[in-house]
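Here is the structure we will look at, set down as structure tokens.
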Amino acid sequence: MNSNNVFPTFVKENITKVQLVKYAGASGDYTPLHFTESFAKESGYKDVIVYGMLTMGFVSQYSEMLLEENQEITRITARFKKVVYPSDTISCKAKLKAEDDHSLILDIFAINQDEEIVLVGEAEIRK
Amino acid sequence: MHKFGVIILKIDKSLIGYQLEPYYCEIEKGAIRKFADAIGDENPIYYSEAAAKSKGFCSLVAPLTFPTSFRPEKEAEWFTRIDRKRMLYAEQEFRYKRRIVAGEMIKCIEIVRDVYSKFGKNGELTFIVKDKEGYDEKNKLLFIERQTFVVKGEKKE
């Protein structure tokens, strides 16, 4: 964490359609929006879209990377702001929002290659 | 006012309190590894018993978003009837009492907490807030997953 309470950025490069199929199997979410192009286009998207929960998976992975010894995440939230497409690159960022003797709250963000915020949320950490 | 098994077709405030029959999920190591791998999360506590044990857990730990994979054998009738072309996830939250580990049997209860509408320039948006509560074998609350999704109204010509 730097002096502005900002943590180092973590980048997830180039999401692939294969990854979406893997996520479908692992999560049991078989909504065709995420792997059937014709369905996605009929729904008004230019291509299949990335699971919001997969993007939340990225920021969860990132939040855990920020933990220090004996810290534990007790709450994590996400608001999905913008659609993510395969081949997008997602940068995860975090900033300290609040801290007391027992816990930390981080603002967390996922940002695409065009600097658009696709997800905002919070991670609460027990010290 | 929990409504078991009642078939609800219309999505409005009457859905609030609607509860599915509890269902059980066994936490398997293979499922944890597959889930972490799909995310590309290389944290060793998701793959290696030894790594998880060195962090004080008795077996592999489930990733924070793993409860999204807990699904009833049969989804609620009202949920399956939503047109997936008009549905989007808006918000998601996980609250934990403690982390989930492999080998546990978790009881899940899903309850609709709220339904509300907003009117925007593209018509009506219906928001549905659904909780999934997970209980451990001692029937102690382990986590709550809160999901808010939006259903876009039919476009009026």
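Every value quoted in this text rests on a predicted model; they were computed, and no experiment measured them. Here is the naming used below: chain letters follow the sequence lines, and residue numbers restart at 1 for every chain.
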Counting only heavy atoms not in A/Arg79 (residues, nucleotides, ligands), do more than 12 fall under 6.0 Å from its CZ? no
Under 3.5 Å donor-acceptor, A/Glu72 side chain and B/Arg98 backbone: no
Side chain, backbone, both or neither: which part of B/Lys55 has a non-hydrogen atom closer than 4.5 Å to chain A? side chain
Check the hydrophobic clustering (I, L, V, M, F, W, Y; side-chain heavy atoms under 4.5 Å; chains of links allowed) and say if A/Val118 and A/Val83 are grouped together. no
To the closest 0.5 Å, what do you measure between CD (B/Gln92) and CG (A/Leu119)? 10.5 Å
So, the side chain of A/Lys22 versus the backbone of B/Phe35: is there a donor-acceptor pair under 3.5 Å, distance only? no
Supply the atom-to-atom distance A/Ile76 CD1 to B/Phe94 CZ, rounded to the nearest 0.5 angstrom. 9.0 Å
What part of A/Glu69 lies closer than 4.5 angstrom to a heavy atom of chain B: side chain, backbone, both or neither? side chain
Counting heavy atoms not belonging to A/Lys82, are there more than 12 under 6.0 Å from its NZ? no
Between A/Ile73 and B/Leu64, does a side-chain contact (heavy atoms from CB on, under 4.5 Å) hold up when you go through it step by step? CA-CA 8 Å; A/Ile73 294 175; B/Leu64 290 163; 3.8 Å; yes
Quick check for you: among A/Asp29, A/Val18, A/Thr31, which has the greatest number of heavy-atom pairs under 4.5 Å with chain B? A/Asp29
Does any heavy atom of chain B fall under 4.5 Å from the side chain of A/Thr74, the backbone, both, or neither of them? both
As an exercise: rank B/Asp41, B/Ile45, B/Ile32 by heavy-atom pairs under 4.5 Å with chain A and give me the winner. B/Asp41
Within residues 33-67 of chain A, which positions have a heavy-atom distance to chain B below 4.5 Å? A/Phe39, A/Glu42, A/Ser43, A/Tyr45, A/Ile49, A/Met53, A/Leu54, A/Met56, A/Gly57, A/Phe58, A/Ser60, A/Gln61, A/Glu64
A/Lys12 versus chain B, the contacting section by heavy-atom distance below 4.5 Å: side chain
Counting only non-hydrogen atoms closer than 4.5 Å, does B/Ala90 touch chain A with its backbone (N, CA, C, O), its side chain (CB onward), both, or neither? backbone
Quick check on the hydrophobic clustering: are B/Tyr18 and B/Val151 connected, directly or via other members, by side-chain heavy-atom contacts under 4.5 Å? yes
Against chain A, work out which of B/Arg99, B/Arg71, B/Arg84 has the most heavy-atom pairs shorter than 4.5 Å and name it. B/Arg71
Please check if the number of heavy atoms outside B/Lys107 that lie under 6.0 Å from its NZ is greater than 12. yes
Euclidean distance, A/Tyr23 OH relative to B/Ile39 CD1, rounded to 0.5 Å: 5.5 Å
For residues B/Met87 and A/Phe80: do they belong to one hydrophobic cluster (side chain heavy atoms under 4.5 Å, members Ile, Leu, Val, Met, Phe, Trp, Tyr)? yes
Can you give me the closest heavy-atom contact between B/Ala38 and A/Ala26, atom names plus distance? CB-CB, 4.1 Å
Can you tell which of B/Arg95, B/Glu91, B/Glu93 makes a side-chain contact (heavy atoms from CB on, under 4.5 Å) with A/Thr77? B/Glu93
Taking B/Ile11 as the starting point, is it possible to reach B/Val150 by hopping between hydrophobic residues whose side chains are less than 4.5 Å apart? no
Are more than 12 heavy atoms, taken from residues, nucleotides or ligands other than B/Tyr24, located less than 6.0 Å from that residue's OH atom? no
